[in-house]
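Note sheet for the following structure.
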Amino acid sequence: MNPTLRVAELKSLIAYHNHRYYTLDSPEISDASYDALLKELELLENLYPQLKTTDSPSQRVGSPPRESFKKVPHFPPMLSLANAFNKEALGEFNLRVCELLGATSVEYICEPKLDGLAISVTYVQGKLIRGATRGNGEVGEDITHNILTIQNLPKRLEGEAGLLDTLELRGEVFIQKTDFQNLNALRAQHNEPLFANPRNAAAGSLRQLDARVVAGRPLSVFLYELAQGKTFASHLQKLEWMEAHGLPVNPLRFHAKGLGEVETFYQQLLQERATLPYEMDGLVVKVDLTEFRERLGEASKNPRWAVAYKFPSEEVETRVEDIQVGVGRTGVLTPFALLRPVMVGGACISRATLHNEDELLRKDIHIGDWVFVRRAGDVIPEIVAPIPSRRTGGERPFSFPPLCPSCQAAVYRVPNQATTRCTGLSCPAQLCAKICHFASRTAMDIEGLGEQRAEQLIEAGLVKRLVDIYHLNFEQLMAQPRMGEKSCQKLLAAIEHSKTCRLARFIFALGIHQVGEVTAKALAAHFQNIEALMRANFEELTKVHDIGPEVAREILEHFANPNNCQLINDFLAVGIAFVAENLTPASGGHALSGKRLVLTGSLSTLSREQAKAEIEKRGGKVTETVSAKTNWVVAGENAGSKLEKAKAWGLDILDEQQLKQLLES
Ligand code: IVH
């Protein structure tokens with residue numbers, strides 16, 4: 001496959017899985033599969049540096065924070081860890097550390113890797129004043145109200161820690177195994193949905209907007225890093241100081257004199273794992289000496305001085321009760337197995353995706369088969385393989401249906417791909433998935449129009465094409481079951497509000513194959529209006545930055561279909577209008593195009609959001625943290641540590657006047 005297309009595909013796949021993992025707390029693929037995607041992307045970006053963009057998931061950690069919480073910038077950013085899935089990978093990590101330091105052996109501190117949620121907590125003169133989630137690593141969510149409910153986290157610190165101006169610590173919030181069982185038992189009594197595992201319960205609790213709910217959740221925390229306030233010669237000294245000042249630090253840790261001792265401790269913990277009161281998915285191995293850590297520094301999002309040495313994933317046997325097929329937005333049929341419910345790695349599992357027909361055939365899974373199911377700590381399950389010795393002869397091989405399970409139209413295999421598609425033009429399952437995509441937050445952002453609502457509207461015959469969303473009225477909605485007056489008004493208001501939108505969002509919302517958010521932005525910037533995009537020919541499309549022949553063909557094919565053109569005309573007729581955006585093509589020659597800026601301090605004539613929007617319009621990017629990739633730091637009134645850092649690094653610093661000149665140039 002063409003590398004440009006593969007990179008685009010990998011970016012959107014990774015963004016999707018980030019969203020599932022970080023925002024929905026509901027991952028679909030294993031850690032190892034996720035890592036494989038990321039590795040492939042990094043490899044391609046190294047081979048073809050021109051394909052590496054600053055918004056690539058290889059440059060970021062996680063997904064953006066939810067809108068409903070106040071944002072908290074993290075400085076330094078909250079990094080993630082590289083994984084080592086076996087002894088060899090750990091050996092490679094150690095070798096790299098030794099090589100970079102010019103040492104033959106290095107001392108490490110080993111800590112359990114708890115399966116929870118990373119947080120940052122800040123004390124000012126001993127008083128706990130703020131707690132935040134990691135978010136995307138650079139900006140998290142302010143969850144102070146929830147952090148204050150955590151029992152084992154002191155609200156006030158004494159002694160030297162109580163005198164420090166600012167003390168910022170990082171750690172992991174988690175729920176102990178027994179607390180988790182009690183919590184779910186209680187939820188069962190109240191007929192509330194059960195949490196799948198302790199991690200989801202902890203994550204879901206921390207993101208509650210109502211702290212009273214959180215207070216009823218048995219959250220615990222262990223702190224493992226000190227980000228601001230005091231420095232130490234070694235990690236161990238840091239942990240001991242934290243412990244001596246009443247901060248919750250995991251007493252289980254090990255000072256390893258070298259690689260061999262890390263391995264011994266790992267084996268020992270692997271044995272003890274089941275007896276520990278909390279879930280852990282491996283060891284975190286950290287270089288002890290601060291001086292070494294500083295010399296090693298960090299790669300784009302992982303420190304070079306630490307690694308997560310993961311435990312092998314647990315495999316459990318269960319039975320495939322049935323195999324069914326789901327239909328997605330683009331009509332792709334995805335088979336999945338319904339499993340006899342089974343506990344794997346602390347979660348109850350009852351279904352697993354089988355990806356596509358080829359994967360199903362490769363794994364040779366039959367209905368009724370006993371299979372091995374695996375789940376690496378914090379991810380949803382996959383079927384590893386069937387157990388042929390347990391076959392009794394009553395198993396049935398599954399054959400892909402010739403007709404769509406939702407609309408009974410014929411299905412077809414896309415040539416040279418593992419994909420099977422439904423050909424139905426009015427397939428309810430496709431329409432439902434299309435509506436969900438159209439209404440999603442990064443598309444038209446129509447809150448209240450999720451899967452269940454979409455299904456309901458289709459079933460009632462109210463929505464037959466996407467544009468029908470804009471024909472819904474109060475009486476029709478009120479006639480639907482489970483629809484109150486308030487939610488009805490809210491939904492109609494959200495639909496109305498979505499009529500004025502950015503062109504890029506609208507293009508993305510159309511759900512054209514291969515046109516993700518980034519491509520939609522590039523198209524909007526280039527064509528500036530929807531009619532020009534509809535009229536564009538192959539040459540014009542491939543002129544757009546980042547658009548290759550395959551994507552161009554998809555777009556042409558989309559608009560060659562008169563139904564799709566009619567749909568757009570109908571959207572315009574119901575009053576969809578685009579906010580004026582003086583978009584300069586991203587590849588264009590503006591001085592800010594492709595540049596990374598950091599804003600610090602307050603500007604007198606522009607708000608930060610305005611400045612950011614103006615810079616982005618000209619193809620620039622505004623980031624939260626000063627890094628080696630920063631081109632300019634814009635310093636306003638009362639600029640703080642970012643300005644200091646920029647000065648120390650000798651970066652170009654602009655004042656407000658200079659920024660304005662640049663914007664006007
Ligand atoms: S150190 C830069 N220590 O693992 C160092 N992380 O995959 C970053 N985690 O986001 C973290 N236990 O949520 C560290 N003892 C521990 C940890 C730990 C769990 C989590 C943490 C982090 C993730 C990285």
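No hydrogens, no waters, no symmetry mates; every other heavy atom, side chains included, goes into these values. Note that this is a predicted model, so its numbers are computed, not measured. Numbering of residues begins at 1 and proceeds along the displayed sequence.
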*Test salt bridge (charged side-chain N to carboxylate O under 4.0 Å, His left out) applied to Arg553 and Glu550, step by step*: CA-CA 5 Å; Arg553 265 190 287 270; Glu550 214 171 301; over 6 Å; no

_Restricting to salt bridge (charged side-chain N to carboxylate O under 4.0 Å, His left out), what partner residues turn up for Asp445, sequence neighbours left out?_
none

_From CA spacing to verdict: side chain to side chain contact (heavy atoms under 4.5 Å, CB included), Leu449, Phe438_ = CA-CA 9 Å; Leu449 189 50; Phe438 185 82; 6.0 Å; no

To the nearest 0.5 Å, what is the distance between [atom1] ([X]) and [atom2] ([Y])?
{"X": "Ser440", "Y": "Arg505", "atom1": "OG", "atom2": "CZ", "value": "8.5 Å"}
{"X": "Ile507", "Y": "Ile512", "atom1": "CD1", "atom2": "CD1", "value": "7.0 Å"}
{"X": "Leu462", "Y": "His471", "atom1": "CG", "atom2": "NE2", "value": "12.0 Å"}
{"X": "Phe559", "Y": "Leu567", "atom1": "CZ", "atom2": "CG", "value": "9.5 Å"}
{"X": "Lys621", "Y": "Thr630", "atom1": "NZ", "atom2": "OG1", "value": "11.0 Å"}
{"X": "Leu523", "Y": "Gln528", "atom1": "CG", "atom2": "CD", "value": "12.0 Å"}

Check this for me: does any side-chain nitrogen of one of [X] and [Y] sit under 4.0 Å from a carboxylate oxygen of the other?
{"X": "Lys612", "Y": "Glu609", "value": "no"}
{"X": "Lys363", "Y": "Glu359", "value": "yes"}
{"X": "Glu447", "Y": "Lys490", "value": "no"}
{"X": "Glu614", "Y": "Arg618", "value": "yes"}

Is the [atom1] atom of [X] crowded by more than 12 outside heavy atoms at less than 6.0 Å?
{"X": "Gln408", "atom1": "CD", "answer": "yes"}
{"X": "Lys464", "atom1": "NZ", "answer": "no"}
{"X": "Leu43", "atom1": "CG", "answer": "yes"}
{"X": "Glu531", "atom1": "CD", "answer": "yes"}
{"X": "His497", "atom1": "NE2", "answer": "no"}
{"X": "Glu451", "atom1": "CD", "answer": "no"}

Give me the atom names and distance for the closest heavy-atom approach of [X] to [Y].
{"X": "Ile555", "Y": "Ile547", "result": "CD1-CD1, 4.4 Å"}
{"X": "Gly328", "Y": "Gln430", "result": "O-CG, 3.4 Å"}
{"X": "Ala337", "Y": "Ile383", "result": "CB-CD1, 3.8 Å"}
{"X": "Ile568", "Y": "Met534", "result": "CG2-SD, 3.6 Å"}
{"X": "Ile435", "Y": "Ala454", "result": "CG2-CB, 3.9 Å"}
{"X": "Ala536", "Y": "Leu556", "result": "O-CD2, 3.4 Å"}

*asked:* If the test is ring pair (Phe, Tyr, Trp, His ring centres under 6.0 Å), which one of Phe506, Phe527, Phe571 qualifies with Phe578?
replied: Phe506

Can any side-chain N or O of [X] pair as donor or acceptor with the backbone N or O of [Y] at less than 3.5 Å?
{"X": "His437", "Y": "Phe508", "value": "yes"}
{"X": "Arg134", "Y": "Leu117", "value": "no"}
{"X": "Lys499", "Y": "Val574", "value": "yes"}
{"X": "Thr133", "Y": "Glu141", "value": "yes"}
{"X": "Asn564", "Y": "His558", "value": "yes"}
{"X": "Asn537", "Y": "Glu540", "value": "yes"}
{"X": "Ser593", "Y": "Gly619", "value": "no"}

For a 4.5 angstrom cut-off between non-hydrogen side-chain atoms, does [X] reach [Y]?
{"X": "Met444", "Y": "Ile469", "value": "no"}
{"X": "Phe398", "Y": "Leu354", "value": "no"}
{"X": "Leu79", "Y": "Asn302", "value": "no"}
{"X": "Val411", "Y": "Val325", "value": "no"}
{"X": "Phe474", "Y": "Gln489", "value": "yes"}
{"X": "Leu41", "Y": "Leu13", "value": "no"}
{"X": "Thr419", "Y": "Asn356", "value": "no"}
{"X": "Met483", "Y": "Gln456", "value": "no"}

*Check the pair Leu659, Leu603 against side chain to side chain contact (heavy atoms under 4.5 Å, CB included), reporting the backbone distance first and the verdict last.*
CA-CA 10 Å; Leu659 172 67; Leu603 304 173; 4.3 Å; yes

*Side-chain donor-acceptor pair under 3.5 Å between Asp570 and Gln566, yes or no?*
yes

*Can you tell me if Thr4 and Tyr48 form a side-chain donor-acceptor pair at under 3.5 Å?*
no

*For Leu431 and Arg465, run side chain to side chain contact (heavy atoms under 4.5 Å, CB included): C-alpha distance rounded to whole Å, both residues' side-chain angles, the deciding distance at 0.1 Å, then the answer.*
CA-CA 7 Å; Leu431 180 60; Arg465 300 160 67 223; 5.8 Å; no

*Using the side chain to side chain contact (heavy atoms under 4.5 Å, CB included) rule, take Leu503 and Leu533 through it: C-alpha gap first, then chi angles, then the decisive distance, then the call.*
CA-CA 11 Å; Leu503 178 59; Leu533 171 64; over 6 Å; no

